[in-house]
Amino acid sequence: MIKGAGITGANYPASLKIPFVHPKDIAAAAAEELQKDTTGKNIRYIISDVRTPNDVANVLGNAIGKTDLPWIEFTDEQSLQGMMQAGLPEEMANMYTEMGSGLRSEKIAAHFLSNNFSVDGKIKLEDFAKEFAEKF
């Protein structure tokens with residue numbers, strides 16, 4: 001979307017708080033957990049940053065020299081159709097649309113956001129933006 005249309009977006013609003021995680025932070029946490037002696041069920045959130053889609057558009061845009069990169073909120077139908085037109089298989093496009101709907105309704109992140117869990121990941125959005133810019 002950024003290269004083709006000069007925008008970024010999805011089927012959730014620009015002001016929504018979303019927890020993000022970098023794969024390297026997942027790997028580090030998984031390695032730590034595998035070395036622990038534990039019993040029973042254990043839950044650990046691995047969160048690198050909590051930001052809004054508007055933040056994402058601004059930070060990524062600045063990293064690639066597109067300082068006016070907008071976040072556009074699409075309807076579920078627009079999101080689904082856009083992904084399929086871009087070549088994503090329908091099943092996958094449906095799952096991404098469902099995920100966006102879950103983010104928009106705040107069901108996906110509700111437990112994390114309402115309980116003040118820590119943000120322990122080391123790789124923040126600005127760090128990822130540098131990686132993104134190198135590949136862009």
Side-chain angles (χ1 to χ4, degrees):
M1 275 194 297
I2 296 172
K3 282 187 178 181
I7 63 169
T8 190
N11 59 334
Y12 44 89
S15 60
L16 186 68
K17 283 189 176 182
I18 300 175
F20 291 93
V21 64
H22 192 282
K24 289 180 182 176
D25 284 337
I26 295 171
E32 288 172 13
E33 293 300 318
L34 288 170
Q35 295 176 27
K36 288 183 179 178
D37 236 354
T38 60
T39 58
K41 291 184 180 181
N42 297 295
I43 298 172
R44 176 179 172 188
Y45 280 108
I46 308 304
I47 305 297
S48 303
D49 213 344
V50 178
R51 302 295 281 269
T52 66
N54 201 42
D55 291 337
V56 173
N58 288 332
V59 172
L60 294 183
N62 285 328
I64 60 171
K66 293 183 182 284
T67 57
D68 59 345
L69 182 66
W71 177 270
I72 306 295
E73 182 180 357
F74 304 115
T75 66
D76 289 347
E77 184 61 27
Q78 289 169 327
S79 184
L80 177 66
Q81 292 304 314
M83 286 185 277
M84 289 177 16
Q85 287 172 3
L88 202 62
E90 185 175 358
E91 181 180 10
M92 186 66 73
N94 276 313
M95 287 190 276
Y96 275 119
T97 301
E98 182 180 357
M99 181 179 67
S101 176
L103 285 167
R104 184 180 65 237
S105 71
E106 300 182 353
K107 288 181 183 177
I108 291 177
H111 187 257
F112 174 80
L113 293 172
S114 66
N115 286 288
N116 295 320
F117 290 102
S118 63
V119 177
D120 296 332
K122 306 288 185 248
I123 302 171
K124 304 302 178 194
L125 177 58
E126 287 76 7
D127 302 315
F128 172 74
K130 292 173 190 171
E131 295 175 26
F132 179 81
E134 288 175 11
K135 305 295 183 195
F136 188 79

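As the structure is a computational prediction, the values presented were derived from the model and not from experiment.
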Using atom types as modelled and distance alone, determine if a side-chain donor or acceptor of [X] lies under 3.5 Å from a backbone N or O of [Y].
{"X": "T97", "Y": "A93", "answer": "yes"}
{"X": "D127", "Y": "K124", "answer": "yes"}
{"X": "K66", "Y": "K3", "answer": "no"}
{"X": "D55", "Y": "T52", "answer": "yes"}

Quick check for you: to the nearest 0.5 Å, what is the distance between [X] atom [atom1] and [Y] atom [atom2]?
{"X": "I64", "Y": "K135", "atom1": "CD1", "atom2": "NZ", "answer": "15.0 Å"}
{"X": "Y45", "Y": "N115", "atom1": "OH", "atom2": "CG", "answer": "7.0 Å"}
{"X": "E98", "Y": "D76", "atom1": "CD", "atom2": "CG", "answer": "10.0 Å"}
{"X": "L60", "Y": "T8", "atom1": "CG", "atom2": "OG1", "answer": "7.0 Å"}
{"X": "L125", "Y": "H22", "atom1": "CG", "atom2": "NE2", "answer": "10.5 Å"}
{"X": "S48", "Y": "K122", "atom1": "OG", "atom2": "NZ", "answer": "9.5 Å"}

All pairs passing salt bridge (charged side-chain N to carboxylate O under 4.0 Å, His left out) where residues 13-40 contributes a residue, at least two apart: E32-R44, E33-K36, E33-R44

E106: partners by side-chain contact (heavy atoms from CB on, under 4.5 Å), with sequence neighbours left out: L16

D120: partners by side-chain contact (heavy atoms from CB on, under 4.5 Å), with sequence neighbours left out: S118

Worked verdict on Q81 versus E77 for side chain to side chain donor-acceptor pair (under 3.5 Å): CA-CA 6 Å; Q81 292 304 314; E77 184 61 27; 2.9 Å; yes

So, for [X] and [Y], which heavy atoms are closest and what is the spacing to 0.1 Å?
{"X": "G9", "Y": "M1", "result": "O-CE, 3.1 Å"}
{"X": "G6", "Y": "L69", "result": "O-CD1, 3.5 Å"}
{"X": "V119", "Y": "D49", "result": "CG1-N, 3.7 Å"}
{"X": "A129", "Y": "A63", "result": "O-CB, 3.6 Å"}
{"X": "I46", "Y": "V21", "result": "O-CG2, 3.2 Å"}
{"X": "A109", "Y": "P19", "result": "CB-CD, 3.6 Å"}

Contact check, side chains of I2 and F132, non-hydrogen atoms, under 4.5 Å: yes

Treating Ile, Leu, Val, Met, Phe, Trp and Tyr as nodes and any side-chain heavy-atom pair under 4.5 angstrom as an edge, say whether [X] and [Y] lie in one connected cluster.
{"X": "I108", "Y": "Y96", "result": "yes"}
{"X": "I72", "Y": "V56", "result": "no"}
{"X": "I47", "Y": "M99", "result": "no"}
{"X": "I123", "Y": "I18", "result": "no"}

Whether F112 and F117 hold their rings parallel, tilted or perpendicular, with breakpoints at 30° and 60°: parallel

CZ/F20: more than 12 non-hydrogen atoms of other groups inside 6.0 Å: yes

Step-by-step side chain to side chain contact (heavy atoms under 4.5 Å, CB included) determination, M95 to M83: CA-CA 11 Å; M95 287 190 276; M83 286 185 277; over 6 Å; no

